[in-house]
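Here's the structure we're looking at; comments come further down.
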Number of protein chains: 2
Amino acid sequence: MAAKRTALIELDDGVCCAPLLVAPLADDEATELALVFAALGDPVRLRLLSLVAAGGEVCSCDLEAPLGKSQPTISHHTKVLADAGLLTGEKRGRWMMWRIVPDRLEALRAALA
Amino acid sequence: MAAKRTALIELDDGVCCAPLLVAPLADDEATELALVFAALGDPVRLRLLSLVAAGGEVCSCDLEAPLGKSQPTISHHTKVLADAGLLTGEKRGRWMMWRIVPDRLEALRAALA
DNA sequence: CCGGTATATTGACAACTGTCGATACATCGA
DNA sequence: TCGATGTATCGACAGTTGTCAATATACCGG
């Protein structure tokens with residue numbers, strides 16, 4: 001039998017969903033998606049994300065000054081974004097290097113279609 | 001002189017921003033964008049949005065049952081979504097009819113590019 | 001004008017969140 | 001090994017948020 005016609009958006013834990021405007025979301029789909037949008041629902045995290053995007057690869061210590069937040073706060077926000085799958089981090093020596101996850105953003109764009 | 005090359009995303013209050021990944025966001029841009037994403041950062045609101053999208057035009061009273069929430073709660077969520085510009089409401093007699101604002105969703109998609 | 005109905009607002013409360021200081025952990029250079 | 005540095009975690013606290021019962025407001029039919 002043929003696969004579903006509408007492209008499904010891949011979320012964490014193997015949960016998928018059709019684009020927002022195509023079919024009503026199920027409970028777990030909505031919960032999963034909301035987690036990602038909630039991660040974007042904070043000005044500091046949005047600016048953090050755009051800083052990492054602009055730099056390509058940015059270490060945590062280089063985010064404190066431009067964002068004007070303490071080190072624990074930066075660490076908190078990077079964790080939230082990483083948990084949402086929007087950021088990926090690699091520890092290099094003492095430094096934690098962060099990069100954008102383009103596929104994740106693209107999945108979000110698809111979910112808004 | 002030529003206009004800016006990158007398309008700007010239109011937000012409330014005449015605030016605009018370049019796509020997230022193109023240039024670091026300014027403070028007010030981030031605050032404005034975060035408000036919209038925060039509106040999407042709740043499972044009930046995401047399901048509400050998808051219900052309205054599926055129905056084309058849906059009245060508040062038809063949302064209580066499928067969402068399993070009280071009438072004041074539905075009213076609260078529609079207000080949050082409307083404030084974020086994602087939903088537009090028109091009072092018809094006793095009923096409040098809600099519709100999606102496609103341009104707003106498209107602007108969000110553009111901001112994620 | 002009155003009773004019924006759809007919606008908005010208010011007040012209250014528990015749960016969550018953003019923030020920072022203090023502290024612990026990890027890694028490097030000397 | 002030791003001190004310095006970058007990061008994560010913990011504890012605390014103020015502010016925000018999702019929820020509902022109660023109430024107020026708006027609108028319709030008779």
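Below, all heavy atoms of this structure are taken into account, side chains as well, without hydrogens, waters or symmetry copies. Letters A, B, ... are given to chains in the order of the sequence lines, protein chains preceding strands, and every chain is numbered from 1.
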Residues forming a side chain to side chain donor-acceptor pair (under 3.5 Å) with B/Gln71, sequence neighbours excluded: none
Please name all residues satisfying side chain to side chain donor-acceptor pair (under 3.5 Å) with A/Thr88, sequence neighbours left out, ordered by chain then number. none
Could you run down the sub-3.5 Å N/O contacts of the protein with nucleotides 26-30 of chain C?
none

Suppose we screen for side-chain contact (heavy atoms from CB on, under 4.5 Å). Which residues come up paired with [X], at least two apart in sequence or across chains?
X	answer
B/Ser60	B/Met96, B/Trp98
B/Arg94	none
B/Ala26	B/Asp28, B/Glu29
A/Ala53	A/Ile100, B/Leu21

Can you build the contact string for nucleotides 13-25 of chain C? Use B for base contact, S for sugar-phosphate-only contact, and - for no protein heavy atom under 4.0 Å. -----SBBBB---
List, by chain and then residue number, the residues other than A/Trp95 in its hydrophobic cluster (Ile/Leu/Val/Met/Phe/Trp/Tyr, side-chain heavy atoms under 4.5 Å); write none if there are no others. A/Met97
Under 4.0 Å between any heavy atoms, over every strand shown, what does A/Ser60 touch: base, sugar-phosphate, or nothing? Just pick one. sugar-phosphate
Those residues at least two apart in sequence (or on a different chain) that pass salt bridge (Lys or Arg N to Asp or Glu O under 4.0 Å) with B/Arg45 are none
Please enumerate all residues that pass salt bridge (Lys or Arg N to Asp or Glu O under 4.0 Å) together with A/Asp62, with sequence neighbours excluded. none
B/Asp83 has an atom CG; how far is it from atom C1' of D/dT17, in whole Å? 14 Å
Inter-axis angle, terminal five-pair segments of the helix from C/dC1-D/dG30 to C/dA30-D/dT1 [nearest 10°]: 30°
Min side-chain heavy-atom separation A/Asp27-B/Arg47 under 4.5 Å: yes
